[in-house]
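Labels below follow one simple rule: chain letters A, B, ... track the order of the sequence lines, proteins then strands, and each chain is numbered from 1.
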Amino acid sequence: MKQLKIIEYKNRIGVFGACCFSPEQTFECGQCFRFERNNAGEYEGIASSHFARILLEGEAVVFRDSTVNEVRDFWIPYLDLERDYEKIVCSFPENSHISTAAHCCSGIHILKQDPWETLCSFIISQNNNIPRIKKIVKSLCENFGEKLDCGGYSFPDIEKIAAAGVEGLSIIKSGFRAKYIIDAAEKVAGGKINLETLKLMTYEQAKAELIKIKGVGEKVASCVTLFGLGFLNAFPVDVWIKRVLQKYYGEDFDIGYFGEYAGIAQQYLFHYERGNKKFRHFS
DNA sequence: GTCCAGGCATGCA
DNA sequence: TGCATGCATGGA
């Protein structure tokens, strides 16, 4: 655990002492869908019903338009700023592909997102591309969320989505995923699945519960446990990760290879592999 | 027009 | 259990 210092100055709030945090890498690596880079080079967006503008200034993680309380109680946990990521990177197997990826993507933090928001977002992510996932999530919030002082919208309540039904949801154009979102909302709103209780289970138990929801399989469930429930050992395997594993680790890859922080390794590999493709594309 | 996108449900062997 | 196919939508 890192000891952080919060300092307020010129209507900004600076957090000092965090380890290896890059807003760009953290918000561009596909784990959340509501943050964008603005003209000032800050990352701005909404998580649940909290708005922030986030940037780096020297050693500090700086927040504009926030209060000290909000930074301390919401954003520091959300951005996982107290965790010692350097120590975790050192725990990965040396001289492997993960070393390169980790070095390159060392600014990624695993966000502690709201479980319901994460569940919805990753149901939407299936067989979809990131720009359109963002578009659909935005539409979901604008149509069913609450308007906030910043001008944006909160992520919608479970009950509001459950009440909308499949037909009501058609406005967001999520296609065949609408029925999955509604099934998730009904199961959670109806108490069949308690998302907070999942945090107290083992990773395997929590995942098994999530897979009871229609449209939630191994991959989506892994993402929800990793980004929404705090299981850093979760290792979501999607098309990109499959490619990486085959390329660098062979067919007989053992899922336990990266240990208790496999999810962090997964994000390094995912972001690194996607970055490589982009690079090739432009070269 | 065709292909593809942080998958999953379904049907069939 | 393992594999093929359809699925809504929109950008390249």
Side-chain angles (χ1 to χ4, degrees), chain A residues 25-36 101 105 108-111 113 115 117-140 142-143 161 164-187 193 207-229 231-248 251-253 255 258 262-283:
Chain A
Q25 289 189 351
T26 298
F27 289 118
E28 300 281 4
C29 77
Q31 59 177 319
C32 74
F33 305 101
R34 300 200 67 197
F35 277 80
E36 299 286 349
C105 308
I108 294 177
H109 277 206
I110 302 293
L111 299 172
Q113 303 184 61
E117 179 167 344
T118 313
L119 175 58
C120 259
S121 301
F122 279 92
I123 286 175
I124 292 168
S125 79
Q126 69 169 270
N127 199 31
N128 214 342
N129 56 64
I130 291 179
R132 205 168 84 90
I133 298 165
K134 287 183 174 177
K135 203 172 155 187
I136 294 172
V137 170
K138 189 178 181 206
S139 176
L140 182 71
E142 286 173 354
N143 283 286
I161 298 299
V166 175
E167 298 78 18
L169 220 58
S170 64
I171 189 168
I172 71 168
K173 295 189 182 297
S174 60
F176 64 89
R177 305 166 192 85
K179 55 183 180 288
Y180 301 152
I181 297 170
I182 295 304
D183 189 64
E186 286 174 347
K187 283 200 168 74
I193 292 177
K207 205 166 63 173
E209 283 297 300
L210 289 168
I211 287 176
K212 290 178 182 171
I213 298 166
K214 263 184 206 155
V216 176
E218 183 70 28
K219 155 68 172 59
V220 170
S222 300
C223 286
V224 176
T225 56
L226 176 59
F227 305 125
L229 299 174
F231 287 95
L232 294 182
N233 56 329
F235 193 87
V237 178
D238 66 349
V239 289
W240 292 95
I241 294 296
K242 259 180 207 159
R243 229 170 281 160
V244 173
L245 296 184
Q246 284 193 357
K247 229 159 93 183
Y248 303 102
E251 299 288 340
D252 54 346
F253 176 75
I255 210 89
F258 294 115
I264 297 175
Q266 193 272 5
Q267 273 311 102
Y268 293 151
L269 292 171
F270 176 78
H271 192 54
Y272 182 67
E273 190 64 13
R274 289 187 69 230
N276 272 348
K277 195 201 166 189
K278 273 182 209 162
F279 179 75
R280 282 198 300 272
H281 182 71
F282 289 116
S283 62

Exercise. A/N128 CG to C/dA8 P: how many Å, rounded?
Worked result: 13 Å
Seminar exercise, completed: DNA chain C nearest-nucleotide lookup for A/K135 and A/Q126: closer to the 5′ end is A/Q126
For this session: Quick one: label A/C32 by what it contacts on the DNA or RNA (base, sugar-phosphate, nothing), any heavy atom closer than 4.0 Å.
Result: nothing
Could you list all N or O pairs between the protein and nucleotides 9-13 of chain B that sit under 3.5 Å apart?
| from | atom 1 | to | atom 2 | distance (Å) |
| --- | --- | --- | --- | --- |
| B/dA9 | OP1 | A/G215 | N | 3.0 |

Exercise. When the distance from NZ of A/K134 to P of C/dT9 is rounded to whole Å, what number comes out?
Worked result: 22 Å
Exercise. Taking only N and O in the side chain of A/K179, is any of them less than 4.0 Å away from OP1 or OP2 of C/dC7?
Worked result: no
Exercise. Under the criteria of a ring-centre distance below 5.5 Å and an interplanar angle below 30°, is A/W240 stacked with the base of B/dG6?
Worked result: no
For this session: Check each residue of residues 219-228 of chain A for a non-hydrogen atom within less than 4.0 Å of any atom in DNA chain B, then write out the ones that pass by number, or none.
Result: A/K219, A/V220, A/F227
For this session: Give the rounded distance in Å between these two atoms: CG of A/L169 and P of C/dT9.
Result: 12 Å
Seminar exercise, completed: Here the distance between atom P of B/dG6 and atom CD of A/Q31, to the nearest Å, is 15 Å
Problem set entry | A/K179 atom NZ: more than 12 heavy-atom contacts under 6.0 Å | yes
Exercise. Is A/I171 atom CD1 crowded by more than 12 heavy atoms from other residues, nucleotides or ligands, each under 6.0 Å away?
Worked result: no
For this session: Whole angstrom is fine here: how far is it from CD1 in A/I133 over to C1' in B/dA5?
Result: 8 Å
Exercise. Between C/dC7 atom C1' and A/N127 atom CG, what is the distance in whole Å?
Worked result: 8 Å
Exercise. Is it true that A/D183 and A/K187 make a salt bridge, defined as a side-chain N closer than 4.0 Å to a carboxylate O?
Worked result: yes
For this session: Using atom CG of A/N129 as one end and atom C1' of B/dC3 as the other, report the distance to the nearest whole Å.
Result: 12 Å
Exercise. Do A/E273 and B/dG6 share a donor-acceptor pair, side chain to base, under 3.5 Å?
Worked result: no
Problem set entry | Spacing of A/F176 atom CZ relative to B/dG7 atom C1', expressed in whole Å | 7 Å
Exercise. How are the rings of A/W240 and A/F270 set to each other: parallel, tilted or perpendicular (split at 30° and 60°)?
Worked result: perpendicular
Problem set entry | Ring centres under 6.0 angstrom apart (A/F33, A/F122) | yes
Exercise. Using Watson-Crick and G-U wobble pairs whose two distances are both under 3.5 Å, how do you write the pairing of DNA chain C as dot-bracket, with | for links to another strand?
Worked result: |||||||.||||
